[in-house]
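Here it is, the structure, as structure tokens.
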Amino acid sequence: MDAYERITRNASEVVTEEEVRTLAEQPDEKRAYVGYEPSGVLHIGHMLTATKLIDLQEAGLDVTVLLADVHAYLNDKGTFEEIRETAERMKAQFLAYGLDEEQTEFVLGSTFQFDREYVLDLHALELNTTLSRAERAMAEIQSGESVKVSQAVYPLMQALDIVYLGVDLAVGGMEQRKVHMLARDVLPAIDEAPPTCLHTPLIADLATGVGKMSSSEGVTISMEDSRADIEEKVNAAYCPPTRDPEPDDQGRERENPVLQIFEYHVFPRFETVVVERPEEYGGDLTYDGYESLAADLESGDLHPADAKGALASYLDGLVAPGREKLREFEGR
RNA sequence: CCGCUCUUAGCUCAGCCUGGUAGAGCAGCCGACUGUAGAUCGGCUUGCCCCCCGUUCAAAUCGGGGAGAGCGGACCA
């Protein structure tokens, strides 16, 4: 797999393809970043972009993980003291998850976002952005039902972070695309280049296959989960024997979250996947790629219950090191 | 600052006028059926009715005070 392929695999979109191709020519000199609002426990949403960061590191890029304490504050997530405490835990879990320590730089937002120069640039961006545009960019990210002024500033800071972190590639889930498009539009106003962006897919809600999995509602899988928790959650997941389920009775599109997790979480991290299966149903199966597994599920050669069993055990393998880290933090 | 509206189950809301300690839909949970889940069928749970004071035998409901949220405060309508 060449660098370009490695960088873009499993991405929902890349903006623009041409810019990424250029970047892929000298990956060793490039830097990608993702910003996360610190939270005490890594969940499967964090893990999705983290998996992409691991891809990027394997392709040769360096990675900056922004622990966005100021953003979390602006989004009403607590006091600075509380937020910074969770940032440390988050960093440890990312490393446990498999980010390369040598190739990863963790930066706390507050270490540069209060600099005079940064703030002046921020105000310049504010001057170039309408409130409705900023609000639109935040729609998928904000917490609470009424929009605060702080939340309008939020996406502009994301744009500026890309500049101040010296980043060549901004990575995020698809929910970040409006923010990134805003950044591309507005950064030229302060004579900065529009950032190249890479967006990961959103995984559907585990229980229903509708919409996207969210840590705030519905079921999610996190580093807090025991193996038994994971088995229980995966077993309860929506999983028809197809990768393209029918819309539900309200006409909402559905995905197969079990297949999605195989595709976006498991196969990027494991060369082969072994599905253990009782002799009664045909014995073990071995897959060396997502396509063959999905095809077998569709044909009926692989029963969803067996797929779920395998998924739970591989997910547990991904979560276990982070779970250990969390336990260490508890011990302190 | 002024005015109007709202606050009842996890969510959306009904009940308030005509006081008698509460309901619907959705969600959730359990069971049946499928070797998963979903769908279907059967069953079940849940409430400081925003807070305080008062009237009353009795207050979600009436009166007073307070808190929180939403909307409005040129013109037009």
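Chain letters run A, B, ... following the sequence lines, proteins first and then strands; every chain starts at 1.
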Residue pairs, two or more places apart or on separate chains, that pass salt bridge (Lys or Arg N to Asp or Glu O under 4.0 Å) and touch residues 230-244 of chain A: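 Passing the test, one end in residues 230-244 of chain A: A:D225-A:K233, A:R227-A:E231, A:R243-A:E291, A:R243-A:E298.
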Span that lies between the P atom of B:rU7 and that of B:rC13, in whole angstrom
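Between the two P atoms, the distance is 9 Å.
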Checklist entry - Is the A:H303-A:Y281 ring centre distance short of 6.0 angstrom? => result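 No, the ring centres sit 6.0 Å or more apart.
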How close or far is atom P of B:rG38 from atom NZ of A:K308, stated in whole angstroms?
->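 From A:K308 NZ to B:rG38 P: 8 Å.
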> Tell me: CG of A:N235 to P of B:rA37, nearest whole Å?
Replying inline: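 Taking CG of A:N235 and P of B:rA37, I get 6 Å after rounding.
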Both distances below 3.5 Å, Watson-Crick or wobble geometry, any strand: find the nucleotide opposite B:rA24.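 Because both required distances fall under 3.5 Å, B:rA24 counts as paired with B:rU12.
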Exercise. With rounding to whole Å, what would you report as the distance between B:rG47 and B:rA37 at their C1' atoms?
Worked result: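 Per the computed distance, 32 Å lies between those C1' atoms.
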Measure from OH on A:Y281 to P on B:rU36 and round the result to the nearest Å.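 My rounded result for the distance is 9 Å.
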How many whole angstroms separate atom NZ of A:K148 from atom C1' of B:rG70?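 Going from NZ in A:K148 over to C1' in B:rG70 covers 13 Å.
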Where A:S12 and A:T200 come nearest, the two heavy atoms and their spacing: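 Minimum heavy-atom contact is OG-C, 3.9 Å.
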B:rC17 versus B:rC62 - spacing of their C1' atoms, nearest Å: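 Per the computed distance, 11 Å lies between those C1' atoms.
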Problem set entry | Nucleotide forming a Watson-Crick or wobble pair with B:rU46, both distances under 3.5 Å |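 WC or wobble partner does not exist here.
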| query | Expressed in angstrom and rounded to an integer, what is the separation of A:D306 atom CG from B:rG35 atom C1'? | reply |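 A:D306 atom CG is separated from B:rG35 atom C1' by 8 Å.
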Taking the C1' atom of each, how far is B:rG38 from B:rC33, in whole Å?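 Comparing C1' positions in B:rG38 and B:rC33 gives a spacing of 13 Å.
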**Study point:** B:rC51 versus B:rG68 - spacing of their C1' atoms, nearest Å
**Key:**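 Going atom to atom, C1' in each nucleotide, I get 11 Å.
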Take atom CD of A:E231 and atom P of B:rU36, then tell me their distance rounded to the nearest Å.
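Rounded to the whole Å, the gap is 17 Å.
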TODO: Using whole Å, report how far CZ of A:R243 lies from P of B:rU36.
DONE: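 After rounding, the reported distance stands at 22 Å.
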- Message: Please determine whether a side-chain nitrogen of the Lys or Arg among A:R323 and A:E224 lies less than 4.0 Å from a carboxylate oxygen of the Asp or Glu.
- Response: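 No.
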Who pairs with B:rC2 - Watson-Crick or G-U, where each distance is under 3.5 Å: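 Across any shown strand, B:rC2 pairs with B:rG72.
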### Message
Please determine whether a side-chain nitrogen of the Lys or Arg among A:E246 and A:R254 lies less than 4.0 Å from a carboxylate oxygen of the Asp or Glu.
### Response
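A salt bridge is absent here (no side-chain N lies under 4.0 Å from a carboxylate O).
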- Task: With P as the reference atom in both, quote the distance from B:rC16 to B:rC50 in angstrom, rounded to an integer.
- Result: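 Going atom to atom, P in each nucleotide, I get 15 Å.
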Original post:
Given that both distances must come in under 3.5 Å, which nucleotide forms a Watson-Crick or G-U wobble pair with B:rA77?
Top reply: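 In the structure as shown, B:rA77 has no Watson-Crick or wobble partner.
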In the strands shown, is B:rG19 matched to any nucleotide by a Watson-Crick or G-U wobble pair with both distances under 3.5 Å, and which?
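Per the H-bond distance test, none.
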Q.
For B:rU7, give the paired nucleotide (Watson-Crick: N1-N3 plus N6-O4 or O6-N4; G-U: N1-O2 and O6-N3; both under 3.5 Å), or none.
A.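 Across all strands, the one nucleotide that pairs with B:rU7 is B:rA67.
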Do the charged groups of A:E88 and A:K91 touch, with an N to O distance under 4.0 Å?
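Looking at A:E88 and A:K91, the cut-off is not met.
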Nucleotide opposite B:rC41 in a Watson-Crick or G-U pair, distances under 3.5 Å: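 In the structure as shown, B:rC41 has B:rG31 as its Watson-Crick or wobble partner.
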- Task: Let me know the distance between CG of A:D244 and C1' of B:rG38, rounded to the nearest Å.
- Result: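 Whole-Å distance recorded here is 15 Å.
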For this session: Answer with yes or no after comparing the ring centroid distance for A:Y164 and A:Y118 against a 6.0 Å cut-off, counting only values under it.
Result: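 Centroid distance A:Y164-A:Y118: below 6.0 Å, so yes.
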Check your understanding: Do A:D248 side-chain and B:rG38 base share a donor-acceptor contact under 3.5 Å?
Key ->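 Looking at the base of B:rG38, it does not pair with any donor or acceptor on the side chain of A:D248 (distance under 3.5 Å).
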task: Measure from the side-chain heavy atoms of A:P240 and tell me the nearest of B:rA37, B:rG38, B:rU36.
output: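 My answer, after comparing the listed nucleotides, is B:rA37.
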Notebook entry, point to check: How far does the P atom of B:rA9 sit from the matching atom of B:rG15, given to the nearest Å?
Noted result: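 Rounded to whole Å, the distance is 15 Å.
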Could you measure between the two P atoms, the one in B:rC53 and the one in B:rC11, and give it in whole Å?
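Roughly 26 Å separates the two P atoms.
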query = Considering every strand shown, what is the Watson-Crick or G-U wobble mate of B:rU36 when both distances are under 3.5 Å?
reply =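 In the structure as shown, B:rU36 has no Watson-Crick or wobble partner.
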| How is A:P245 classified with respect to the nucleic acid when contacts are heavy atoms under 4.0 Å: base, sugar-phosphate, or nothing? |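 Here A:P245 touches no strand at all.
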By nearest heavy atom, map A:R277 and A:R254 onto RNA chain B; which one lands nearer the 5' end?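 Closest to the 5' end, via its nearest nucleotide, is A:R277.
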